[in-house]
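Numbered from 1 within each chain, the chains take letters A, B, ... in sequence-line order. Worth knowing before you read on, the calculation uses all heavy atoms, side chains too, and leaves out hydrogens, waters and symmetry mates.
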Amino acid sequence: MDKNIENKQLNVVLIGNPNTGKTSLLNALTGMSLHVGNWPGKTVEKKEGSINYRGYSINIIDLPGTYSIAPYSEEEKVTFEYLKNEEPDVIVQTVDVNALERNLFMTIELLALGKRMVLAFNFNEEAQRRGIIAQAEEISKVLQVPIVSVEANRGKNKELLLDEIIKVSQKKATIPDYMRELIKNSNEIHHDETFKFIKEKISPYYNTSNAVSLTDKIDSVLLNKYAALPIFILIMFLMFATTFILSTPLVDFTEGLFAQLGKIIDQKDLPQFLNSLVVEGIIGGVGTVLAFAPLIFILFLLIAILEDSGYLGRTVIIVDRLFHKFGISGRSFIPMILGFGCNVPAIMATRTIRDKKERIIAIMINSFMSCGARFPVYMLFGTVFFPKTAMFVIMLLYLVGVLVAFVASWLLSKLIKTEEQHALIIELPPYRFPTLKNTLKHAWYHTTEFVKKAGTIIFASVFVIWILSILPLGVEYGSEASLVGQLGKLLTPIFKPLGFGDWRFAISLIFGFFAKEVIIGTLGTIYGGDKLLATMLPQNITPLGALSFLFFVLLYVPCAATLAVIKKETNKWLYALLQVMLSLSTAWIISFTVYQIGLLLGYR
Amino acid sequence: MKTKTLLQLQIGSKGIIKEILTDQVTKERLESLGMISGSEVKVVRNAPFGCPRIYKTLNTAIAIRNETANQVIVEESHG
């Protein structure tokens, strides 16, 4: 403790263009494990970490990537506000040497502020492979700023960088003398002047004339005029098919474990009350949900690969023209795809959308994108009711979610007052091979979040359901006469025309509002366990009713966490409320249609 | 020298940017991404529906919509 007090405090901020490795660098310097992406807009919030180094306690802040210190979209404002209000000891700008000249535009803007700076040249090895030569030493002399060449993702030369940061922090902050030349006319930095300066003074030390680009070759296939869309659809198909096929045996296995555990405890001769709580409540409820942890892991692993490779950023331009017809732009697509994982970070990712109206639409339609928490519900019902076609039923659900999102955005774009249309200008980052470490970290993070959720919100919901299932005292557990049964029965008239008039489904939907996984947690608790679920469910619902139920689960209402983030990002409860009404009515209408048409066609 | 708009450049050809006639905010955005008066731009390819198009400038790939590209004046470079 004493040592810490003696430590000198240093505040360091990481600034730089998108995809230049700020988050990687923060991870490398502090040992944190934030997820790194390869698309502009990955980091939308300020992130912070610290490290003790050579008697200094260095606090490091990672700001969202930005191309200029003047803000363009919501997430870029964070950097602007920070520079305006805070006084960091040292600014570290991460620079992608593959696009050095463009990166230096912001360097000049930052230098003009007269702050202490260090440049971290990143992706040097990639540049070398591509035949790009940047003479860091000479460039440092011209700019009068220290430069440290690093490989942020591996943490190479991080000590050198920290040493330089400490060294710079002790110097006086000055504005380099050439800057006077640059700002002589207008007292502000003009891109034109900057560009002239870079061309004259830096270009001699920077050679890209022999640069080869593997990215161009990959793009000629993935963004091919005719193949791009089919390839995209194929990739999405493969993503869900892989998740389904790989996780089926794993989920079977974990389900078996919980069933086994339930049996062992059942034989332990616990007091009946305790036995019921553990076997039916905790294992039946929480266990049913937890069994799907492998699915969550695989789903997020694949989404991480999509992000890290650089492909996700490109989907924007594949769909832009199409989306234009629905009143939104390709920009909205990244949050939509991220919504397949979890709607909460996906909605935060809409900050990259500059147009306010479009951003609101992107926020409002996001929960129609079926998140990872709904997948277990589909999988459970799918394997029970449609054992042979489960995968296709699940894909149909995803597809319908996307279609509803389109229709909703088209409608919303007609309803919400139009603001000016903004141009779509987007950088396509180079393809990079996703690192095993980064993708696993991402998947692991979401899996632990899922397990945590099982231990907190799902556990709490299941506990409440268990209490309601045993009360009033003496009632048969989880029967219609119990409190939970009576409560559910109040709502069944609403769901009867949709084909799931049994009270158990009504209750599961109510509790599913807290988190979608709770839907199967509730059913697991009421039926008293996962294995029983498979045999008991068909007694209370027909396959057609189950299908209709799944459509309802897909669309009916965003979970509590998503609603909270909708309120936070739009700053209005009104939008959260609107969202609830919009999705509830959509869900009801679609489930009704599915069920009634199914009946007419003779299904049941 | 004959000038064209960026949109009029064929895929594969290059030009030097002369003037950007968009609104100021868009102009500054283009500039900070490297589409700036004096820089060389190459038309790389069309997106699947012909819009946006992908350009390369200052070793960076950028996609912009055709209506924006039509407001960027270039001088086609040969060879």
Side-chain angles (χ1 to χ4, degrees), chain A residues 17 66-70 72-73 96 98-103 105-106 109 127 130 132 190-192 194-196 198-199 206 208 211 213 215-216 219-220 223-230 232 313-314 316-322 324 329-330 354 420-430, chain B residues 5-7 10-74 77 79:
Chain A
N17 288 179
T66 153
Y67 296 103
S68 162
I69 60 174
Y72 185 75
S73 49
D96 179 356
N98 291 283
L100 179 69
E101 291 143 310
R102 192 204 68 208
N103 279 251
F105 279 42
M106 202 163 80
E109 289 181 342
R130 293 177 54 191
I132 294 171
H190 279 296
H191 284 136
D192 287 337
T194 307
F195 187 50
K196 225 179 279 166
I198 291 171
K199 267 212 295 204
Y206 183 63
T208 59
S213 169
T215 291
D216 282 351
D219 269 345
S220 66
L223 294 183
N224 178 284
K225 208 169 158 184
Y226 305 103
L229 204 58
F232 169 73
R314 282 168 167 75
V316 170
I317 66 155
I318 298 179
V319 299
D320 183 59
R321 193 60 181 270
L322 198 69
H324 216 63
S329 79
R354 181 180 155 82
E420 78 253 56
Q421 271 284 314
H422 290 286
L424 179 93
I425 304 164
I426 186 169
E427 181 192 353
L428 304 179
Chain B
T5 74
L6 192 51
L7 187 61
Q10 299 288 316
I11 289 170
S13 56
K14 293 178 183 173
I16 307 272
I17 295 187
K18 289 289 149 195
E19 218 181 340
I20 296 172
L21 305 173
T22 61
D23 61 281
Q24 190 59 21
V25 176
T26 307
K27 179 169 183 261
E28 273 169 28
R29 182 66 167 187
L30 286 169
E31 286 177 347
S32 34
L33 275 152
M35 276 214 179
I36 181 165
S37 188
S39 68
E40 190 181 54
V41 182
K42 183 184 174 190
V43 189
V44 183
R45 74 183 78 258
N46 275 339
F49 299 102
C51 173
R53 291 213 292 179
I54 303 169
Y55 303 91
K56 200 159 204 182
T57 173
L58 299 188
N59 225 17
T60 305
I62 305 167
I64 60 175
R65 284 189 184 150
N66 294 350
E67 66 252 33
T68 311
N70 212 15
Q71 292 173 289
V72 177
I73 308 298
V74 295
S77 30

Here the gap from A:Asn103 atom CG to B:Thr60 atom OG1, rounded to the nearest 0.5 Å, amounts to 7.5 Å
Okay, A:Lys196 and chain B: the region with an atom under 4.5 Å from a heavy atom over there is neither
Closest approach of A:Phe105 and B:Glu31, non-hydrogen atoms and distance? CE2-O, 3.3 Å
Rounded to the nearest 0.5 Å, how far apart are NE2 of A:His191 and OG of B:Ser37? 12.5 Å
Quickly, which of A:Asp320, A:Ile317, A:Ile426 forms a side-chain contact (heavy atoms from CB on, under 4.5 Å) with B:Arg65? Name it, please. A:Asp320
Just wondering, do B:Lys56 and A:Ser213 contact through their side chains at under 4.5 Å, heavy atoms? yes
With chain B as the partner, which of A:Thr215, A:Asn224, A:Ile318, A:Thr208 has the greatest number of non-hydrogen pairs under 4.5 Å? A:Ile318
Roughly how far, to the nearest 0.5 Å, is the NZ atom of B:Lys27 from the CD1 atom of A:Ile425? 12.5 Å
Interatomic distance, CG@A:Asp219 vs CD1@B:Ile54, rounded to 0.5 Å, equals 5.5 Å
Find the one option among B:Thr68, B:Leu33, B:Thr22 whose heavy-atom pairs under 4.5 Å with chain A are most numerous. B:Leu33
Could you tell me which of B:Asn46, B:Ile62, B:Leu58 has the largest number of non-hydrogen atom pairs under 4.5 Å with chain A? B:Leu58
Relative to chain A, which of B:Ile36, B:Thr57, B:Val44 shows the most heavy atom pairs under 4.5 Å? B:Ile36
So which part of A:Leu100 gets closer than 4.5 Å to some heavy atom of chain B, the side chain, the backbone, both or neither? neither
Hey, does the side chain of B:Arg45 reach the backbone of A:Asp216 with a donor-acceptor pair shorter than 3.5 angstrom? yes
Show the nearest heavy-atom pair for residues B:Pro52 and A:Leu424, with the distance to one decimal. CG-CD2, 4.2 Å
Region of A:Tyr206 in contact with chain B, defined by heavy-atom distances below 4.5 Å: side chain
If every non-hydrogen atom of B:Ser32 is compared with every non-hydrogen atom of A:Tyr67, which pair is closest and at what distance? CB-O, 3.4 Å
Chain B heavy atoms under 4.5 Å from A:Ser220: which part of the residue, side chain, backbone, both or neither? both
Measure distances from A:Thr66 to the heavy atoms of chain B and classify the residue's part below 4.5 Å as side chain, backbone, both or neither. neither
Would you mind telling me which of A:Glu427, A:Arg314, A:Met106, A:Arg102 has the largest number of heavy-atom pairs within less than 4.5 Å of chain B? A:Arg102
Of the listed residues (B:Glu28, B:Glu67, B:Arg53), which shares the most heavy-atom pairs with chain A below a 4.5 Å separation? B:Glu28
With rounding to the nearest 0.5 Å, note down the distance linking NE2 in A:His324 to SG in B:Cys51. 7.5 Å
